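Report on one structure; see the data block that follows.
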Amino acid sequence: MAREIAKAYEPQQIEPRWAEYWVAEALFRADAAAPGPVFSIVIPPPNVTGSLHIGHMLDHTEIDILTRWHRMRGFNTLYLPGTDHAGISTQRVVVRQLAEQGVDYRALGREEFERRVWKWKEESGGTITRQMRQIGETCDWSREKFTLSPELSRVVREVFVRLYEEGLIYRAHYLVNWCPSCLTALSDLETVHEERQGHLWHIRYPVVGTNEYLMVATTRPETMLGDTGVAVHPEDARYKHLVGKNVRLPLMNREIPIVADAMVDREFGTGAVKVTPAHDPNDFECGRRHGLAEIDVMTDDGHMNAAAGAYAGLERFEARQRVVADLKAQGLLEKITDHSHAIALCERCKTVVEPRASTQWFCKMKPLAEPAIAAVERGEIRIVPDNRREEYFHWMRNIRDWVISRQLWWGHRIPAWHCGDCKEVTVARETPAKCSKCGSAKIAQDSDVLDTWFSSALWPFSTLGWPEETLDFKKYYPTSVLVTAYDILFFWVARMIMMGLHFTDQVPFRAVYLHSLVRTADGEKMSKSKGTGLDPVALNQQYGTDAMRFCLASMAAPGTDIVLSEDRLASARNFANKIWNAARFLFVNFDRFEQGGARIEELASPDVRLGAPYATGGAVALADAWIFSRLAGTTELVNEALANYRFHEAAQGVYQFFWGDFCDWYIEWVKPDLQNADGDRAVVAWKNLFAAFEAALRLLHPFMPFLTEELWHQLPQRAGAKSIALDQYPEALPKWVDVAAEKHFELLQEVIVALRNVRAEMKLDPRKKIAAEFSSAAGVIRDLVERDREAILRLAILSELNISSEKLVSSGGTLRSTAQFDVRVAFAEAVDMVAELARLRKEKDRLERDIEDKTKRLADETFRSRAPERIVRGLETTLVERRIEYAKVNDRLGQLEQGG
RNA sequence: GGGCGACUAGCUCAGUUGGUUAGAGCGCUCCCCUCACACGGGAGAGGUCAAAGGUUCAAGUCCUUUGUCGCCCACCA
């Protein structure tokens, strides 16, 4: 029957209490005028993070861990939160809705606000693009009501105008990706490709004035309605005689020329290509080379237009069927073959993208990319992990001009005005009164907005007051690190680097840490636009935000993606509970010690932070020396790991220390010392226990901020102590490292484990104390055991322990041996001979194999001469130990087999 | 068509520059509601590191090939 659980850690009781506190007090306020080292960090803008999905919670988790870590190490930390972005996130919409009801979203509290956002997101469905259009139609929210902060708008205009004046932004008629559902142009990055099984239709185009046909192959037959030529390869003998002639375009009854162009691949299809300049990138270029007309046969929403003749009004895929049917009826369809190819889909709505010629604004990328490549090559920006560097280079070296105009509802309007009279364009920082070319007052602002990533690219400096030389800008630019998921390396990171370098002549950040994506159990990427996220609010309530954070951190090994499992979350929750209960143990004892003379001020003494553990009469107890040595090791590990963005190593190191060392061994070890309320040792033990625990809390704080903050406040603190987040992060103290203590303590652990092992094998009742014998040839080891005899008796549940140097015999008991010592429990009736023999034989086999392997390697002269001495010596030592173990096992096996 | 990553215990995953008996969490087996904690304690079992070659004194780790899965990039109609 399980005991009633009344002492479990309840995250919801403490986490909300501290939420406001740390945000306001501890972390996000940075003072540019303050002295000291700087750590500044950029977080993704809200259209990226959404903040609600676990996938992007990793951003916040890792950023917050880093931020807290730096803050505690005395850095003047700036964390640039993304609140002012061109994109309209669901959050922004909800903020707006609340504002219309006269509610300040901040007053709702974080949880309630997130719940509402989540709800709205689920109820409204679809993409925000479409949601916004609906809103625009049903209420008076106009684009202007979504006006972004004036500061950011000013920066965006400034940048746009400068780039335009430098000739890097231009307006052109060009072929772009068009989404017929979102009704906007898209950059290449905003499309996704999907391999689909399609067809290749072979169509006969009659050559005018002959009986010949020219056969073309196409995957999109409906575009033939916009054909204005047919191209063949200039060297192609099959068609050479036809170049210069015309074909009659079927269905449209239009004569179009046959041209020779090297773009044609003679091997593919029929070697003749229909040219549709308005609907295909290759054809567009080809059409320009040969002066062919562009005929756009579609409407914005993917229907055929008047230029499609009889097919006008049909939806594009319907038109495809009709075109094919009609060609077939006219006997012009030669054949249909299967053809699988990757088609481009709109990233947001998954509609098939239509390549289409249209007039858009573009940004020239080559001149911006070159310095950005160089900066990473020179190491001015470190990209972690390394392999992402190569991806970055590959993309940057093959970069193409960027379509920056979008026909969307919101965002930064393009600061360009079209003249109704002279049709010229005026680009300006401030709204002009008249056309700069002809002076006409009939001007209207371009209706397009900028790609949301355009303003995102300016984030690192637009948030710091650029173009003014503000104190913030001077102090915090470049930022220290950018943390984000690798999926927006090109969208965002690369563009920030380009824009940062172009406008400030400095890199925008010194390091880019690209973390994994969180995937669902099916391996799908968790993302808000796909709706595949788990609900972090629900999970947080179930397991606690600290558990969630710790779990994410402990799984965040760079390079691979994370599959979030409830098992791991539960494990992290259990860890939180473990800490909670360890703290309870301390609190229970605390009162007694206060009465026993230990003063709060003493406990909070800084001595232990600087030097060695507290000592009794000048001597540090072994267990104390050991735990502080382990603490020092863990501290070094955690600091080192965080410095290299190895969050999982840091988290796992803290976990191991806290649970495996501190709780499992140290607390158990010192318990009796604490029971004894009067006496020097009791006070010292308590002080050390407190000091180690307190240091561990600080070490753990970035990973479990709420829990550690709460517990830290319940521990005695110096007057005026405000928050653990403002306290000092443990730095590795060389004085604490005690190699001998670690080695000695480990030996005692081995002795205890060996004895427990024997007990378990005998299936002894844990309450039953038994007598045991200990034997070692080494006096040092016997002394060690002697000195901590009490602890061994208690932890191995022994009635007595006889220590000697005599060889132990196995008859009438069970023996455990290591190279250093033997332990024996005399309890004949409980010995399971069969199991014991099986165990020993297995052990013997293993040792035999190991000894053979090592002997062979050591006998190898090449090994001895080439391997480092450290390795050879280590192997020799181990071999000696193995031989002792083998002799002991063999000996015992012989006794058992004989004795029966 | 290019490029990248993964394949390690039943499951989910660690394992930085090659080096002494390959680790964790969950699950499993056995014993325990022992006065911080059953979201716990104690003790175990469990892996020829996807396959085959190679380099090396030494390979989970480096190279080559193969297989399976996943991802990114790509204007072949």
Side-chain angles (χ1 to χ4, degrees), chain A residues 1-3 5 7-9 175 188 193 200 216-220 223 231 263-265 267-270 272-276 280-285 339 341-342 344 355 387-388 390-391 394-395 398 400 486-487 489-490 517 519 521 523 525 554-555 557 559-563 565-568 570-578 580-589 644 646 648-649 652 655-656 663-664 667-668 671 753 756-761 763-767 795 797 846-847 850 854 857 860-868 870-879 882:
Chain A
M1 186 74 70
R3 188 190 309 180
I5 305 159
K7 293 153 189 169
Y9 164 58
L175 204 112
D188 293 339
H193 293 268
L200 203 52
V216 300
T218 180
T219 54
R220 294 188 298 151
T223 62
M263 80 157 184
V264 179
D265 177 356
E267 307 301 319
F268 188 88
T270 60
V273 185
K274 60 193 264 318
V275 182
T276 323
D280 182 276
N282 282 322
D283 296 3
F284 182 83
E285 300 287 350
H339 181 66
H341 60 130
N387 57 337
R388 301 281 167 204
E390 294 308 316
E391 279 180 28
H394 183 259
W395 189 75
N398 295 294
R400 294 160 61 199
Y486 65 78
D487 59 339
L489 176 60
F490 307 137
L517 293 175
R519 296 184 183 276
K525 177 171 128 187
S554 71
M555 296 182 75
T560 53
D561 288 341
I562 294 175
V563 177
S565 71
E566 294 216 17
D567 274 358
R568 285 295 277 256
S571 160
R573 187 261 331 261
N574 295 352
F575 181 45
N577 191 47
K578 188 73 179 177
W580 185 253
N581 278 302
R584 283 186 60 245
F585 173 77
L586 264 74
F587 299 146
V588 165
N589 285 278
N644 290 301
R646 301 182 69 83
H648 66 302
E649 273 183 17
Q652 284 164 15
Y655 182 96
Q656 168 56 34
C663 292
D664 286 351
I667 288 184
E668 294 306 325
K671 264 179 185 173
V753 169
R756 284 170 174 173
N757 183 310
V758 172
R759 295 186 57 102
E761 211 111 303
K763 300 206 192 318
L764 288 177
D765 187 299
R767 282 154 300 197
L795 296 174
I797 317 164
R846 212 203 73 213
L847 286 167
D850 198 40
K854 287 193 170 49
R857 280 166 70 188
D860 187 342
E861 271 315 307
T862 340
F863 168 70
R864 283 184 170 282
S865 59
R866 298 215 186 159
R870 178 177 59 87
I871 300 299
V872 178
R873 278 226 311 272
L875 210 58
E876 280 168 347
T877 315
T878 315
L879 181 58
R882 293 288 173 278

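Reminder, nothing fancy here: chain letters follow the sequence lines and each chain counts from 1. Quick caveat, the model's predicted, so the values are computed rather than measured.
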Rounded [atom1] spacing from [N] to [M] in Å:
N     : M     : atom1 : answer
B/C69 : B/C31 : P     : 44 Å
B/G25 : B/U20 : C1'   : 27 Å
B/G19 : B/U29 : P     : 36 Å
B/G70 : B/G27 : C1'   : 26 Å
B/C4  : B/C76 : C1'   : 24 Å
B/A77 : B/G67 : P     : 26 Å
B/C13 : B/A22 : C1'   : 14 Å
B/C35 : B/G42 : P     : 15 Å

Between atom [atom1] in [X] and atom [atom2] in [N], what is the gap in whole Å?
X      : N     : atom1 : atom2 : value
A/L875 : B/A58 : CG    : P     : 14 Å
A/E390 : B/G3  : CD    : C1'   : 11 Å
A/D280 : B/C75 : CG    : P     : 11 Å
A/R584 : B/A36 : CZ    : C1'   : 6 Å
A/H341 : B/A77 : NE2   : P     : 7 Å
A/D567 : B/A24 : CG    : P     : 17 Å
A/D765 : B/G42 : CG    : P     : 17 Å
A/N577 : B/G41 : CG    : P     : 10 Å

Looking only at side-chain N and O atoms, does [X] come under 4.0 Å of OP1 or OP2 in [N]?
X      : N     : answer
A/N398 : B/C73 : no
A/N574 : B/G40 : yes
A/K671 : B/A36 : yes
A/R573 : B/G25 : no
A/R400 : B/C75 : yes
A/H394 : B/C4  : no

Query raised in the report: Any idea which of B/G40, B/A24, B/U34 is nearest the A/K578 side chain?
Result: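 Of all the options, the side chain of A/K578 is nearest to B/G40.
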Query - Proximity to the side chain of A/R568 - top-ranked nucleotide from B/A24, B/C37, B/C33 - result: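 Minimum distance to the A/R568 side chain belongs to B/A24.
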**Report entry** Set of side chain to side chain donor-acceptor pair (under 3.5 Å) partners for A/E390, sequence neighbours left out
**Finding:**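 If we apply the side chain to side chain donor-acceptor pair (under 3.5 Å) test to A/E390, skipping adjacent residues, there are no hits.
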Query - Contacts of type side chain to side chain donor-acceptor pair (under 3.5 Å), residue A/R857, not counting sequence neighbours - result: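 Here no residue qualifies.
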Query raised in the report: Looking at side-chain heavy atoms only, is the closest gap between A/M263 and A/D283 below 4.5 Å?
Result: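 When only atoms from C-beta onward are counted, A/D283 and A/M263 do touch, with a gap below 4.5 Å.
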Requested in this report: Give a yes or no on whether a donor-acceptor pair under 3.5 Å exists between the nucleobase atoms of B/C75, that is its base, and the side chain of A/N282.
Outcome: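 A donor-acceptor contact between them is present.
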Requested in this report: Using the closest heavy atom to pick a nucleotide of RNA chain B for each, name whichever of A/L200 or A/D850 lands nearer the 5' end.
Outcome: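 Whichever sits nearer the 5' end wins; that is A/D850.
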Restricting both atoms to N or O, compile the protein contacts to nucleotides 15-19 of chain B shorter than 3.5 Å, with distance only.
{"from": "B/G15", "atom 1": "OP1", "to": "A/R646", "atom 2": "NH2", "distance (Å)": "3.4"}

Query raised in the report: With both distances under 3.5 Å as the test, what is the Watson-Crick or G-U wobble partner of B/U64?
Result: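 Matched B/U64 with B/A52 under the 3.5 Å cut-off.
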Requested in this report: Tell me what A/D265 touches on the nucleic acid: a base, only sugar-phosphate, or nothing, going by heavy atoms under 4.0 Å.
Outcome: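 Counting heavy atoms under 4.0 Å across all strands, the contact made by A/D265 includes a base.
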